[in-house]
Each structure stands twice: as C-alpha cells, then as structure tokens.
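Numbering of ligands and ligand atoms starts at 1, following listing order. If you read the sequence from its start, that first residue is 1, and numbering goes on from there.
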Amino acid sequence: AKSLGRNNYQIFEGSAEQSQQQNLALKSGLRHAEHKGELRVFYQPQVDAVTEDIVGMEALVRWEHPELGFIGPGFFIPLAEETGLIVSIGEWVLRTACRHAQEWERRFGLRLRLGVNLSAVQLMQPNLLEIVASALDESGLEASLLEMEVTESISIKAAPNLVENLQGLHRLGCRIAIDDFGTGAASLDYLRKLPADRIKIDQSFVRNIGVDPDDEAIVRATIEMAHRLKRGVVAEGVELEQHMEFLRANQCDELQGFLFCRPLPQPAFEKLLLERQHL
Ligand code: C2E
Ligand code: CA
Ligand code: CA
Ligand code: CA
C-alpha cells in the first residue's frame with residue numbers, strides 16, 4: 001500500500017488505574033475543554049479496497065490538554081459519558097467535522113463520506129435529529145455524505161429512542177454504519193432491526209488475519225453476509241499488507257487503518273488530500 005503520510009502526534013493513553021483524584025481533575029478539565037478550544041477533530045482516511053483512493057474519513061476527537069498533551073478518546077469519552085458531557089462534545093465534533101467536510105468539497109471538489117461516532121447517550125437524546133439536521137444545514141454538507149457510526153455495544157432494548165432516532169437519521173438522508181461489528185452480544189439482531197447501510201468489521205478480527213483461521217473465517221463470512229444483505233463493508237485496523245490482501249481477495253469494499261494512514265489533524269489531512277488526489 002502507498003503510505004498516506006505519518007503522524008508525529010503523541011497520544012496520551014491513561015492507565016486503568018488512574019486514581020480517583022486524577023479522574024476528578026480530568027472531569028473538571030473536560031467540562032471546560034470545549035469552550036477553551038482544547039478539543040480537536042482528527043481524520044483518518046477510508047480507502048477503496050481495490051484502487052486505494054481515499055473515499056471517506058472518520059472523525060476522531062482528541063483533547064489537547066494544556067499540561068498533559070494529547071489525550072485519546074478511549075480515555076476521556078468514558079468520562080464524558082459518565083458526566084453527560086458527551087452530548088455537547090459529540091455535538092461539537094459533528095458540527096466541526098461537517099464544516100470541514102463541506103469545505104473540502106467546496107475547495108477541492110471532493111465528495112468524501114464523513115463518518116462520525118455517536119455514543120449511546122447521544123442516541124437516546126430526543127433532540128438528536130434536530131441537532132444533526134442543523135449541523136447539515138449550517139455547514140451545507142449533503143446528508144448522504146454523512147455516515148453516523150453506531151457501536152454494537154448499545155443494547156437495543158435498553159435504549160429507548162435508538163431505533164426511532166436511526167430511522168429518523170435515514171429519513172434525513174444520512175447513512176448508518178454499525179461500528180465494531182462482531183464484538184457485541186447481538187450482532188445479528190442489530191443487522192436485522194437497525195436500518196444500517198454498512199458494517200465496520202472490528203479490528204480485533206482484522207488483527208488476526210494470517211494468525212487465526214477461525215477469525216479469518218468470521219471475516220470472510222461477515223463480508224459475504226453483509227453483501228447478501230446489500231450492505232457495504234469497511235474493515236478497521238488494517239495494519240499489514242497481508243491484511244489488505246486478504247480483505248481485497250474477499251471483496252471487502254473499503255479499508256481503514258495505520259497501513260494507509262493514522263488519524264491526522266485537519267491541516268495535515270488537507271495536505272494528504274491534495275497530494276493523494278493530485279489536486
Ligand atoms: P472506533 O470508533 O472503533 O475508532 C477506531 C479507533 O481505532 C481509533 O482510535 C483509531 O485511531 C484506531 N485505529 C485506526 N486504525 C488503526 C490500526 O490500524 N491499528 C490500531 N491498533 N488502531 C487503529 P481512537 O481515535 O483512539 O478512538 C478510540 C475510540 O473512541 C473510537 O473507537 C470511538 O469509539 C471513540 N471515539 C472517538 N472519537 C469519538 C467521538 O467523536 N465521539 C464518540 N462518541 N466516540 C468517539
Ligand atoms: Ca468508529
Ligand atoms: Ca470501531
Ligand atoms: Ca472501538
């Protein structure tokens with residue numbers, strides 16, 4: 001694969017044993033991160049499995065802490081969910097990413113799909129559709145270019161507005177992707193009940209390509225099942241040529257992973273687009 005540039009950003013990952021006190025300090029810091037302008041949206045390209053052209057990108061939030069540097073979402077999203085801050089952070093990510101995507105379309109003429117993660121808390125919000133509609137309206141981004149990523153770990157039964165909200169997003173013209181497919185307790189139930197356009201094969205399966213024949217069989221069967229259901233498939237966590245070759249040989253539609261590019265801040269992602277699309 002052609003390398004899509006490199007990333008010099010150090011991502012701070014907190015350990016599970018962060019003391020209560022540190023967590024408290026971080027929670028209060030997080031409360032102000034948005035209005036202090038400490039949040040950033042990074043973008044990771046998704047490439048066509050055959051041509052390796054960039055066809056979309058996933059928006060991934062980071063927190064640039066004044067003392068600790070870049071903090072990864074794996075660490076602060078759970079804190080944001082606990083405190084309810086995820087609602088306003090998620091809205092900020094959505095509005096920012098829609099604006100960037102629309103800008104790339106306007107300036108470069110690129111119609112790239114934008115993936116945005118939605119947390120369970122957001123999916124249960126009664127005003128989710130109004131927020132998404134206003135983010136589209138305000139940015140001018142076409143609804144069909146926006147793909148909401150919904151993780152499988154959310155229980156359909158336990159989330160009151162989930163199905164209605166996803167159907168509403170579809171009516172707005174947005175696409176829905178099931179994230180981390182295969183890791184939840186109810187993958188098939190999800191496929192059956194939710195209006196999903198695509199599934200994202202979880203990186204834990206992709207990582208085992210070339211290592212575990214059972215996981216390879218699951219990846220193959222997942223791609224075939226998705227295609228029979230007329231859904232698209234993206235594989236996440238593609239790190240090796242061997243992963244790419246296997247996924248390509250088994251007709252996976254799109255690929256995302258460090259083999260192509262790490263998540264990049266907006267200016268670096270723009271530079272990548274300019275280089276790669278020969279603009
Ligand atoms: P995710 O949605 O499954 O996102 C993919 C994660 O895998 C990202 O981690 C990405 O940097 C990482 N990744 C991409 N390619 C590779 C690869 O080849 N190898 C490996 N080992 N990892 C790869 P990141 O950015 O740290 O995000 C972690 C999680 O935080 C995301 O997992 C998502 O669940 C959550 N997240 C990120 N941004 C947001 C957001 O704006 N809102 C919400 N609700 N959650 C977010
Ligand atoms: Ca995701
Ligand atoms: Ca995922
Ligand atoms: Ca994940």
Side-chain angles (χ1 to χ4, degrees), residues 1 3-4 6-7 9-14 30 33-34 39-47 56-64 70-98 100 113-125 128 131-132 135 146-154 175-184 187 190 196 198-209 222 233-244 247 254-265 269:
S3 171
L4 300 185
R6 155 169 19 93
N7 165 17
Y9 291 78
Q10 193 70 43
I11 309 297
F12 166 92
E13 293 289 351
L30 192 54
E34 187 189 328
L39 298 179
R40 309 273 175 266
V41 184
F42 278 35
Y43 297 93
Q44 186 178 34
Q46 297 179 335
V47 306
M57 59 270 164
E58 178 174 2
L60 295 158
V61 69
R62 269 97 183 92
W63 176 15
E64 193 173 0
F70 277 96
I71 303 183
F75 182 62
F76 74 85
I77 292 287
L79 297 181
E81 285 175 332
E82 258 175 63
T83 51
L85 287 167
I86 188 64
V87 174
S88 69
I89 292 176
E91 183 176 340
W92 179 84
V93 171
L94 175 71
R95 290 186 191 277
T96 305
C98 284
H100 287 157
R113 195 188 306 111
L114 169 68
V116 176
N117 292 285
L118 279 183
S119 113
V121 184
Q122 291 173 278
L123 277 160
M124 288 187 273
Q125 294 286 306
L128 176 70
I131 289 168
V132 174
L146 179 61
E147 180 170 84
M148 303 311 261
E149 299 193 2
V150 179
T151 164
E152 243 198 24
S153 59
I154 305 167
R175 299 162 53 101
I176 312 285
I178 303 180
D179 206 351
D180 305 333
F181 189 83
T183 59
S187 303
Y190 246 71
R198 294 219 288 183
I199 62 176
K200 297 190 76 174
I201 300 181
D202 191 67
Q203 26 187 292
S204 59
F205 297 105
V206 174
R207 192 179 306 131
N208 280 341
I209 291 171
T222 303
V233 192
V234 197
E236 295 191 302
V238 179
E239 292 186 357
L240 305 174
E241 292 278 342
Q242 191 185 9
H243 299 160
M244 179 181 71
L247 291 159
E254 290 177 24
L255 312 174
Q256 178 181 348
F258 296 167
L259 178 64
F260 308 98
C261 195
R262 286 179 180 261
L264 298 173
F269 188 74

With carbon and hydrogen excluded and only N/O/S kept, which atom of Glu149 is nearest the Ca ion (ligand 2)? OE1
Atoms in ligand 1 flagged as close to [X], the criterion being non-hydrogen separation under 4.0 Å:
X	answer
Glu236	3 (O), 5 (C)
Asp180	3 (O)
Gln203	5 (C), 6 (C), 7 (O), 12 (C), 13 (N), 20 (C), 21 (N), 22 (N), 23 (C)
Val61	38 (N), 39 (C), 40 (C), 41 (O)
Glu58	2 (O), 4 (O)
Gln44	14 (C), 15 (N)
Glu239	17 (C), 18 (O), 19 (N), 20 (C), 21 (N)

How does [X] reach ligand 1, by side chain, by backbone, by both or by neither, if only non-hydrogen atoms under 4.0 Å count?
X	value
Lys200	neither
Thr151	neither
Val238	backbone

Hey, is [X] one of the residues with a heavy atom under 4.0 angstrom from ligand 1?
X	result
Gln256	no
Arg262	no
Gly237	yes

Ring pair (Phe, Tyr, Trp, His ring centres under 6.0 Å) assessment of His100 paired with Tyr43: CA-CA 10 Å; His100 287 157; Tyr43 297 93; 5.6 Å; yes
Using 0.5 Å steps for rounding, measure from the [atom1] atom of [X] to the [atom2] atom of [Y].
X	Y	atom1	atom2	answer
Ile199	Asp179	CD1	CG	11.0 Å
Gln44	Leu264	CD	CG	8.5 Å
Thr151	Ile178	OG1	CD1	10.0 Å
Glu147	Asn117	CD	CG	10.5 Å

If the cut-off is 3.0 Å, does any N/O/S atom of [X] fall short of it from the Ca ion (ligand 2)?
X	result
Asp179	yes
Glu58	yes
Asn117	yes

Can you classify the ring geometry of Phe76 versus Trp63 as parallel (below 30°), tilted (30 to 60°) or perpendicular (above 60°)? perpendicular
Measure from the Ca ion (ligand 3) to every N/O/S atom of Asp180 and report the name of the nearest one. OD1
Would you name the N/O/S atom of Glu236 that lies closest to the Ca ion (ligand 3)? OE1
Is there a polar contact between ligand 1 and [X], counting only N or O atoms under 3.5 Å apart?
X	value
Pro263	no
Glu149	no
Val93	no

Testing the 3.5 Å rule here: is there a donor-acceptor pair between the side chains of Glu58 and Gln256? yes
Charged N to carboxylate O under 4.0 angstrom, Lys200 versus Glu152? no
Determine, for Arg207 against Glu239, whether the closest basic-nitrogen to carboxylate-oxygen distance falls under 4.0 angstrom. no
Between Gln122 and Glu81, is the side-chain contact (heavy atoms from CB on, under 4.5 Å) condition met? List the steps. CA-CA 9 Å; Gln122 291 173 278; Glu81 285 175 332; over 6 Å; no
Given Ala97, Ala120, Pro73, Ser119, which one has a non-hydrogen atom that is nearest to atom 26 (O) of ligand 1? Pro73
Could you name the option among Val116, Asn117, Val150 that has the heavy atom nearest to atom 33 (C) of ligand 1? Asn117
Validation row: Leu259, Glu241 side chains within 4.5 angstrom (heavy atoms): yes
Any non-hydrogen side-chain atom of Ile77 less than 4.5 Å from a side-chain atom of Ile86? yes
I want to know whether Phe70 and Phe75 have ring centres closer than 6.0 Å. no
Please test Glu149 against Arg198 for salt bridge (charged side-chain N to carboxylate O under 4.0 Å, His left out), starting from the C-alpha separation and ending with a verdict. CA-CA 9 Å; Glu149 299 193 2; Arg198 294 219 288 183; over 6 Å; no
